[in-house]
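Encoded as structure tokens, the structure appears first; notes follow it.
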Amino acid sequence: MKKHNFYAGPSILSEYTIKNTAAAVENFAGTGLSILEVSHRSKEFVAVSDEARALIKELLDVPAGYEVVFLGGGASLQFCMVPFNLLNKKASYLDTGTWASNAIKEAKFFGNVEVVASSKDSNYSFIPKNFTVSPDSDYFHFTTNNTIFGTEMRYDPEVGCPLVADMSSDIFSRPIDVSKYDVIYAGAQKNLAPAGVTLAIVREGALGNVERPIPTMLDYRTHIKKESMFNTPPVLPIFAALQTLRWYKELGGVAALEKINLEKAAILYDEIDRNKLFKGTAAVEDRSIMNVCFVMNEEYQELEAEFNSFASAAGMVGIKGHRSVGGFRASIYNAMPKSSVEALVATMKEFEKLH
Ligand SMILES: *Cc1c(COP(=O)(O)O)cnc(C)c1O
């Protein structure tokens with residue numbers, strides 16, 4: 001039986017993605033070769049890469065003057081690649097979690113970093129709201145969705161300088177205004193494909209404005225110029241990404257996905273708020289629609305391990321919370337069917353009846 005996959009990353013992919021990828025592992029595009037062994041320069045694979053980048057532009061309504069690139073090194077390499085390419089004198093960062101603070105650490109290698117606000121003192125349970133960004137900042141960096149802490153900024157903040165965002169765990173979950181951003185980046189393994197590829201959407205006019213030399217592989221311009229084929233790209237993850245992107249388009253695009261995501265998240269949060277055993281950990285107004293974090297209520301703490309086993313017996317996997325929050329985290333990315341969320345809610349209700 002297929003499990004209900006609530007893992008935070010790598011995480012659930014659509015059946016469409018998995019089926020088509022499995023078929024291509026046997027025989028890719030009628031070539032008589034597996035996608036695992038095909039040349040990245042074959043016309044069949046170049047078509048895959050081109051279509052995937054074009055679909056990203058279409059789904060996110062990417063304006064002229066921007067390019068989409070596929071990169072290696074995960075979102076974590078973007079923590080250094082962004083300041084390498086963009087930080088001239090000063091950049092501003094919002095500290096909303098582990099990934100945000102990792103990005104801050106790397107930026108400090110390249111220049112003056114202004115941390116405009118942080119919610120670290122309350123274990124990142126909310127998104128700081130009243131902060132000001134220096135108008136002379138080269139960019140303002142933030143993490144749209146804090147995968148570990150279950151908070152999310154579902155808007156494009158107005159701060160007076162260009163935005164840069166780590167959208168690893170909520171890209172394609174809702175419409176965004178790309179024109180406000182210099183760089184948007186996302187590791188694939190949450191909402192797109194297996195691990196191994198990172199996508200970046202880069203405003204070309206933002207490049208070439210720093211004095212420092214940039215190593216070839218770390219320069220966005222290299223990958224834009226070579227259409228993500230400067231070095232051998234991860235062929236299989238890009239193929240899988242294309243399947244997911246086609247599936248997103250078929251479903252009606254990111255606006256349609258947002259509607260379903262809001263519905264799924266509401267079903268789960270409603271149960272967390274109703275059920276006497278559980279409580280949410282993130283500030284209500286900042287709750288993520290991708291990663292739902294909750295713990296046992298004070299008087300039921302001792303039931304934590306038991307609920308974990310109870311849920312896994314019911315076919316749920318990956319609901320154990322990250323060690324820095326504890327409790328539970330249900331990651332309900334785009335590919336998570338509503339029926340799996342309903343199954344988790346039914347399990348929570350059943351567990352409540354037992355206690
Ligand atoms: C998972 C995650 C990362 C790290 O991604 P890697 O690809 O492992 O480097 C960074 N930022 C966010 C928001 C994430 O969810």
query: Any chance the side chains of Y93 and Y139 put a donor and an acceptor closer than 3.5 Å?
result: yes
query: Does the cation-pi check pass for K190 over W99, that is, NZ or CZ under 6.0 Å from the six-membered ring centre and within 45° of its axis?
result: yes
message: What's the separation between atom CG in L13 and atom CG in L192, rounded to the nearest 0.5 Å?
response: 8.5 Å
message: Applying side chain to side chain donor-acceptor pair (under 3.5 Å) to S169 and N145, what does each step give before you reach the verdict?
response: CA-CA 6 Å; S169 52; N145 183 64; 2.8 Å; yes
field: Under 3.5 Å: donor-acceptor pair, side chain of D182, backbone of R203
entry: no
task: Please check if the distance between the ring centroids of F131 and F140 is under 6.0 Å.
output: yes
- prompt: Salt bridge or not for R174 and D170, using N-O below 4.0 Å?
  reply: yes
task: For N85 and M81, indicate whether the former's side chain and the latter's backbone hold a donor-acceptor pair under 3.5 Å.
output: yes
field: Pairing of E298 and K279 as salt bridge, 4.0 angstrom limit
entry: yes
task: Measure the shortest side-chain to side-chain distance between N261 and Y333 over non-hydrogen atoms and say whether it is less than 4.5 angstrom.
output: no
message: According to ring pair (Phe, Tyr, Trp, His ring centres under 6.0 Å), does anything in residues 148-170 pair up with another residue at least two apart or in another chain? List the pairs.
response: Y124-F149
Close aromatic pair by centroid cut-off 6.0 Å: F278 and F307: yes
task: Enumerate the residue pairs fulfilling salt bridge (charged side-chain N to carboxylate O under 4.0 Å, His left out) with a member in residues 312-322, sequence neighbours excluded, ordered by first and then second residue.
output: none
query: For K3, which residues count as a salt bridge (Lys or Arg N to Asp or Glu O under 4.0 Å) partner, sequence neighbours excluded?
result: none
message: Taking R287 first and then D273, would you say they form a salt bridge - that is, a charged N and a carboxylate O separated by under 4.0 Å?
response: yes
Which donor-acceptor pairs under 3.5 Å do the side chains of residues 64-75 make with protein atoms, sequence neighbours left out?
from : atom 1 : to   : atom 2 : distance (Å)
Y66  : OH     : V178 : O      : 3.1
Y66  : OH     : S179 : O      : 3.3
Y66  : OH     : Y181 : O      : 2.6
E67  : OE1    : K57  : NZ     : 3.1
E67  : OE2    : K57  : NZ     : 3.2

message: For E15, is there an ion pair with K2 - N to carboxylate O distance below 4.0 angstrom?
response: no
- prompt: What class does the angle between the rings of H141 and F79 fall in, given that below 30° is parallel, 30 to 60° is tilted and above 60° is perpendicular?
  reply: perpendicular
Check: F110 ring centre within less than 6.0 Å of F84 ring centre: yes
message: Under 4.5 Å side-chain heavy-atom separation, chaining through any Ile, Leu, Val, Met, Phe, Trp or Tyr, what else clusters with V284? Say none if it is isolated.
response: none
query: Does the pair D286 and T151 meet the rule for a side chain to side chain donor-acceptor pair (under 3.5 Å), with working shown?
result: CA-CA 5 Å; D286 299 324; T151 59; over 6 Å; no
task: Grab the two heavy atoms, one from A200 and one from Q78, that are nearest each other, plus how far apart they are.
output: CB-OE1, 4.5 Å
- prompt: Are K90 and D136 close enough for a salt bridge, meaning some N to O gap below 4.0 Å?
  reply: yes
task: Give the intermediate values and the outcome of side chain to side chain contact (heavy atoms under 4.5 Å, CB included) for residues V46 and E227.
output: CA-CA 10 Å; V46 169; E227 302 190 317; over 6 Å; no
message: Quick check on side chain to side chain contact (heavy atoms under 4.5 Å, CB included): which of D138, N209, L207, V202 does L86 satisfy it with?
response: L207
- prompt: F6 vs H4 aromatic rings, parallel, tilted or perpendicular, using cut-offs 30° and 60°?
  reply: tilted
message: Show every salt bridge (charged side-chain N to carboxylate O under 4.0 Å, His left out) that has at least one partner inside residues 339-349, sequence neighbours left out.
response: E271-K349
query: Using a distance-only test with no angle check, is there a side-chain donor-acceptor pair under 3.5 angstrom linking E114 and S134?
result: yes
